[in-house]
Structures are given as structure tokens and as C-alpha cells.
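Structure first, then comments.
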Amino acid sequence: MSERDTRAADEPDILAEIQAEVARELEEDRPPVGGPAYQVVAAIVVLVLGLAAAYLAQGYGLGTLQRPGPGLWPFAVSVLIAVLAVVLLVIGRRLEDAEKFSRASLLVLAGGATFVGLGVLLPTIGFEIPSVLLCMVWLRFLGGESWRSTIVIALATTATFYLLFLYALGIPLPHLIAF
């Protein structure tokens, strides 16, 4: 038997060992399982958010498919979210892979709260300051990045979105800086 044949025969064993080790490590790091009740609660929360967003989007005007209004795209996405929540509500009682709520779950709430803060501050003080603050909170406090990378990424991201929305797409966002 040549060295090549021996190596080819050993590769499936090595691959299986690596896969088993990775599976063990992932299982150790996984949070406790919450069960079907957590699936149902999550589906209800997402359903309420989807329906509320659809209602708010309708207020912007849907228009027609030939002449879409500003609320058509947010309305379509909100309805899709609500439909997917209903699907999860129906099949969620049979699923066992939901995680229990923990301290890490609070990070999701903090991220959502800061995003709402962006929406509240945007009309009053413009796009730039709330966007930089949002990026900094998400990167430094929720993501654990260093201050150096947080500042560089927050400024670069805000500048990129500024140029994209205001100049490339022509979307009139409230802003402080004008070129």
C-alpha cells in the first residue's frame, strides 16, 4: 500500500474526529435549552412587532405597484415578518431548540433600545451623531471591540452610510453636515 493510499484511508478518520471535537465544544458553549414555551413567546413578540410595524407603515401611504408610496416596502417587510411569526407560532410548540433567556438576552434588548434611540434622535439632531453613537455602543459595549477599532469603524460606517443615503441614493435624511 502506498503512502498516498494510507493517507487517503486515514483522512476520513481525522475528519470525523475533528467534527466530533467541534460538536463537543459547541455543545459545551451552548446556553441552556428553553423549550417550546420560549418559541411561542418569541413568536408572539415578533408577531406583535410585525403587525405594529405594518400598521405604522400603512400610515405613510402604500401607493400602488406602479407608483409605490413610501410605506409600501416597510409594509411588505412587516407583513412578511408577521407571517413568519405565525409559522413559528404554529410549529414552535414542536421545536426544542430555543434557548432560555439569560443575561446575554439583555444584549439583544439593549441593541433594540439603542436602535429606537437612533430613531428618536434622528429627526431632532440629524443623522451623524446618533449613528456614530449607535455604532460605538454596539461595537464597544455589545461587541467588546477595542476603543481604537470602535472609533474607526463607527466613523467609517457613518460616513459610508451618509454618502450612500444622501448622495448615491438621494434620500433626504436630516443631517448636520453638508458638502
Side-chain angles (χ1 to χ4, degrees), residues 22-65 68-145 149-150 153-154 156-158 160-162 164-165 169 171-175:
V22 168
R24 280 192 302 272
E25 288 178 12
L26 288 175
E27 192 61 36
E28 290 172 5
D29 293 340
R30 186 181 171 131
V33 176
Y38 282 83
Q39 294 279 19
V40 172
V41 168
I44 291 171
V45 168
V46 171
L47 178 62
V48 168
L49 289 174
L51 293 175
Y55 175 77
L56 292 173
Q58 188 178 12
Y60 286 110
L62 301 179
T64 65
L65 291 178
L72 184 61
W73 181 245
F75 180 79
V77 171
S78 300
V79 168
L80 178 63
I81 288 171
V83 167
L84 291 174
V86 169
V87 169
L88 181 61
L89 192 57
V90 170
I91 66 170
R93 291 181 291 247
R94 293 180 296 219
L95 300 176
E96 297 288 334
D97 62 345
E99 298 173 358
K100 281 188 176 180
F101 293 113
S102 64
R103 288 186 57 129
S105 304
L106 296 176
L107 295 177
V108 175
L109 292 176
T114 56
F115 196 69
V116 169
L118 170 78
V120 169
L121 292 175
L122 192 85
T124 57
I125 63 173
F127 172 76
E128 300 89 345
I129 294 171
S131 297
V132 168
L133 291 174
L134 176 79
C135 286
M136 290 180 75
V137 167
W138 282 14
L139 289 166
R140 177 67 183 154
F141 302 111
L142 301 181
E145 294 291 331
S149 62
T150 295
I153 293 170
T157 301
T158 301
T160 301
F161 279 111
Y162 180 88
L164 176 69
F165 285 122
L169 297 174
I171 297 173
L173 292 175
H175 59 288

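In this text the structure is predicted, and so the values were computed from the model without any measurement.
Pairs of residues two or more places apart, or lying in two chains, never qualify as side-chain hydrogen bond (donor to acceptor under 3.5 Å, both in side chains) while including a residue from residues 71-86.
In this structure Tyr38 satisfies the ring-ring contact (aromatic ring centres under 6.0 Å, His included) test together with Phe101, sequence neighbours excluded. With sequence neighbours excluded, the residues forming a ring-ring contact (aromatic ring centres under 6.0 Å, His included) with Phe141 are Trp147, listed by chain and number. In this structure, the side chain to side chain contact (heavy atoms under 4.5 Å, CB included) partners of Ser131, at least two apart in sequence or on a different chain, are Leu118, Phe127, Thr158. The side chain to side chain donor-acceptor pair (under 3.5 Å) test applied to Ser149 returns Glu145, Ser146, not counting sequence neighbours. Partners of Leu107 under the side chain to side chain contact (heavy atoms under 4.5 Å, CB included) rule, at least two apart in sequence or in another chain, are Leu142. Partners of Phe165 according to the ring-ring contact (aromatic ring centres under 6.0 Å, His included) rule, which considers only residues two or more places apart in sequence or in another chain, are Phe161. Remark: Thr114 pairs with Trp138 by the side chain to side chain donor-acceptor pair (under 3.5 Å) rule, at least two apart or across chains.
Pairing each heavy atom of Val120 with each of Thr124, the nearest pair is O-OG1, 3.9 Å. Contact detail for Leu47 and Val86: the closest heavy-atom pair is CD1-CG2, 3.8 Å.
Here the CG atom belonging to Leu121 is positioned 12.5 Å from the CD atom belonging to Glu128, to the nearest 0.5 angstrom. Atoms CD1 and CD, on Ile91 and Gln39 in that order, are 8.0 Å from each other to the nearest 0.5 Å.
Within the 4.5 Å cutoff, the side chain of Leu88 has no heavy atoms near those of the Val46 side chain. You'll find the side chain of Leu122 reaches within 4.5 Å of the side chain of Pro174, heavy atoms only.
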Table please: side-chain donor-acceptor pairs of residues 49-65 below 3.5 Å, with sequence neighbours left out.
unit_1: Thr64; atom_1: OG1; unit_2: Gln66; atom_2: N; d: 3.4
unit_1: Thr64; atom_1: OG1; unit_2: Arg67; atom_2: N; d: 2.9

